[in-house]
Trainee: 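Before I ask anything, let me first share the structure, which is written out below as structure tokens.
In this chain, numbering begins with 1 at the start of the sequence shown.
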Amino acid sequence: VSLFFFRKNINFLTGNKFIKKLSYLWLAQNAVLALSVFARNIHYIEYFGLAYKRIGVIVFLLMVLSGLFSVYYKIAFKKNFRFLINKNVWSVFVILFIASFINWDILISKYNIHSETHSHLDVQFLSKKMTDKNLYLLFENKDLILAKRNQSHGYQDQRFVENIEKTRDRFLKEQEQYSWLSWNYADYKNKQAFSSMESN
């Protein structure tokens, strides 16, 4: 909509102050909407815990706010369409680049295990629907996980222990077949943790 109303020489007309104010109001309204979705998502995380899609919503909203600011900048400082595309592509790239450095599986597991959410701890999600990156955390916090599980369900879920033990055995067997070319920090962290547990 903004690109349509501020295309070509309309950007530089002296009598376009009213439409500029309307555009700023429209952008502010969208920013408020994005922030309200962000606030609702945070409340949802506090109640149910972290998950991939909830993190995805936060990343998406960061891109939306960045895009809204770039549109404001384009209108306020009379920039062209090429400037808008360039800035938005770079903002998306930077956000995704920073996000790629975060071990989301570990972050999700630590938050869900140690935070006091209103809902029960989703053990199945932690042990079955995530990658092996969080495996050592499940073993280190096994008692805490079972205590939280028992508190919400009133029974001991022995299947959880069996599941993570099977996953550990499979993980260690797979690691024996890999060479140094397959090295990564997440697998190294798991192997170090299991070695430390065995020695203790």
Side-chain angles (χ1 to χ4, degrees), residues 34-64 92-200:
L35 291 172
S36 69
V37 173
F38 180 83
R40 287 198 297 273
N41 192 48
I42 293 298
H43 287 308
Y44 202 77
I45 290 170
E46 288 175 350
Y47 194 92
F48 292 106
L50 268 176
Y52 295 121
K53 290 180 182 178
R54 291 161 205 166
I55 293 171
V57 170
I58 294 174
V59 173
F60 172 75
L61 290 174
L62 287 174
M63 294 178 183
V64 168
V92 169
F93 174 77
V94 169
I95 290 170
L96 292 178
F97 181 74
I98 294 171
S100 68
F101 281 94
I102 301 172
N103 191 331
W104 296 109
D105 286 23
I106 297 298
L107 180 65
I108 290 170
S109 299
K110 284 185 176 179
Y111 180 87
N112 289 355
I113 292 170
H114 296 289
S115 64
E116 295 297 331
T117 56
H118 299 281
S119 180
H120 70 273
L121 180 63
D122 193 342
V123 174
Q124 188 175 8
F125 172 69
L126 292 175
S127 60
K128 287 187 175 182
K129 297 183 179 179
M130 300 183 74
T131 66
D132 295 338
K133 294 177 183 177
N134 72 339
L135 195 53
Y136 76 94
L137 276 175
L138 299 182
F139 273 88
E140 288 179 354
N141 298 279
K142 183 168 55 178
D143 293 337
L144 177 59
I145 293 171
L146 287 174
K148 282 192 171 186
R149 183 74 173 173
N150 298 340
Q151 188 178 11
S152 58
H153 289 274
Y155 65 92
Q156 284 200 351
D157 193 353
Q158 193 60 31
R159 285 172 298 176
F160 163 70
V161 179
E162 293 172 359
N163 286 336
I164 62 174
E165 286 177 349
K166 285 179 182 177
T167 306
R168 178 198 58 192
D169 295 341
R170 176 187 54 77
F171 168 80
L172 293 174
K173 190 175 290 185
E174 287 176 353
Q175 290 299 309
E176 292 175 358
Q177 302 171 7
Y178 296 153
S179 67
W180 63 271
L181 296 171
S182 302
W183 188 94
N184 62 78
Y185 182 73
D187 289 346
Y188 169 78
K189 183 74 174 176
N190 268 326
K191 287 192 290 185
Q192 288 293 102
F194 292 137
S195 297
S196 177
M197 289 176 196
E198 288 176 4
S199 61
N200 293 334

Trainee: Under the rule for ring pair (Phe, Tyr, Trp, His ring centres under 6.0 Å), what residues qualify as partners of Y44, not counting sequence neighbours?
Mentor: F48
Trainee: Between N190 and D187, do the side chains contain an N or O donor and an N or O acceptor separated by less than 3.5 Å?
Mentor: no
Trainee: Using the six-membered ring wherever Trp is involved, compare the ring planes of Y188 and W183 and label them parallel, tilted or perpendicular (cut-offs 30° and 60°).
Mentor: tilted
Trainee: List for me each residue that meets ring pair (Phe, Tyr, Trp, His ring centres under 6.0 Å) alongside F38, sequence neighbours excluded, and say none if there are none.
Mentor: none
Trainee: I'd like to know if the side chain of K148 reaches the main chain of H120, judged simply by a donor and an acceptor atom lying under 3.5 Å from each other, with no hydrogens or angles considered.
Mentor: no
Trainee: If you look only at pairs with a residue in residues 121-145, which of them pass as a salt bridge (Lys or Arg N to Asp or Glu O under 4.0 Å), with sequence neighbours excluded?
Mentor: D132-R170
Trainee: Return the minimal non-hydrogen interatomic distance between G49 and Y111, and the atom names on each side.
Mentor: CA-CE2, 4.0 Å
Trainee: Could you tell me whether the side chain of N141 reaches within less than 4.5 Å of the side chain of H114, counting heavy atoms only?
Mentor: yes
Trainee: Check this for me: F125, atom CZ, are more than 12 non-hydrogen atoms of other residues, nucleotides or ligands nearer than 6.0 Å?
Mentor: yes
Trainee: Who pairs with Y47 by ring pair (Phe, Tyr, Trp, His ring centres under 6.0 Å), at least two apart in sequence or on another chain?
Mentor: H118
Trainee: Specify the closest pair of heavy atoms between I164 and S127, including all atoms of both residues, with the distance to one decimal.
Mentor: CG2-CB, 4.0 Å
Trainee: When rounded to the nearest 0.5 angstrom, what is the spacing between CG in L137 and CG in L144?
Mentor: 11.5 Å
Trainee: Do Q175 and K191 have side-chain heavy atoms sitting under 4.5 Å apart?
Mentor: yes
Trainee: With side chains defined as the heavy atoms from C-beta onward, is the minimum distance between T117 and I45 less than 4.5 Å?
Mentor: no
Trainee: I need the R40 CZ to L35 CG distance, nearest 0.5 Å.
Mentor: 11.0 Å
Trainee: To the nearest 0.5 angstrom, please state how far the CG atom of N41 sits from the CG atom of L61.
Mentor: 7.0 Å
Trainee: CZ/F60 to CG/L62 distance, rounded to the nearest 0.5 angstrom?
Mentor: 11.0 Å
Trainee: What residue pairs, at least two apart or across chains, pass side-chain hydrogen bond (donor to acceptor under 3.5 Å, both in side chains) with a residue in residues 95-109?
Mentor: Y52-D105, D105-T131, S109-N134
Trainee: Could you state the interatomic distance from CD (Q124) to CE (M130), rounded to the nearest 0.5 Å?
Mentor: 13.5 Å
Trainee: If every non-hydrogen atom of M63 is compared with every non-hydrogen atom of L96, which pair is closest and at what distance?
Mentor: CE-CD2, 3.5 Å
Trainee: Which value, rounded to the nearest 0.5 Å, describes the distance between I145 atom CD1 and F160 atom CZ?
Mentor: 4.0 Å
Trainee: Flag the pair I106 / Y136 as yes when at least one side-chain heavy-atom distance between them is below 4.5 Å, and no otherwise.
Mentor: yes
Trainee: So which heavy atom on N112 is nearest to which on L50, and how close?
Mentor: OD1-N, 2.7 Å
Trainee: Listed by chain and number, what are the ring pair (Phe, Tyr, Trp, His ring centres under 6.0 Å) partners of F171, not counting sequence neighbours?
Mentor: none
Trainee: Are any non-hydrogen side-chain atoms of V161 and L146 less than 4.5 angstrom apart?
Mentor: yes
Trainee: Heavy-atom distance under 4.5 Å between the side chains of F139 and E165, does that happen here?
Mentor: yes
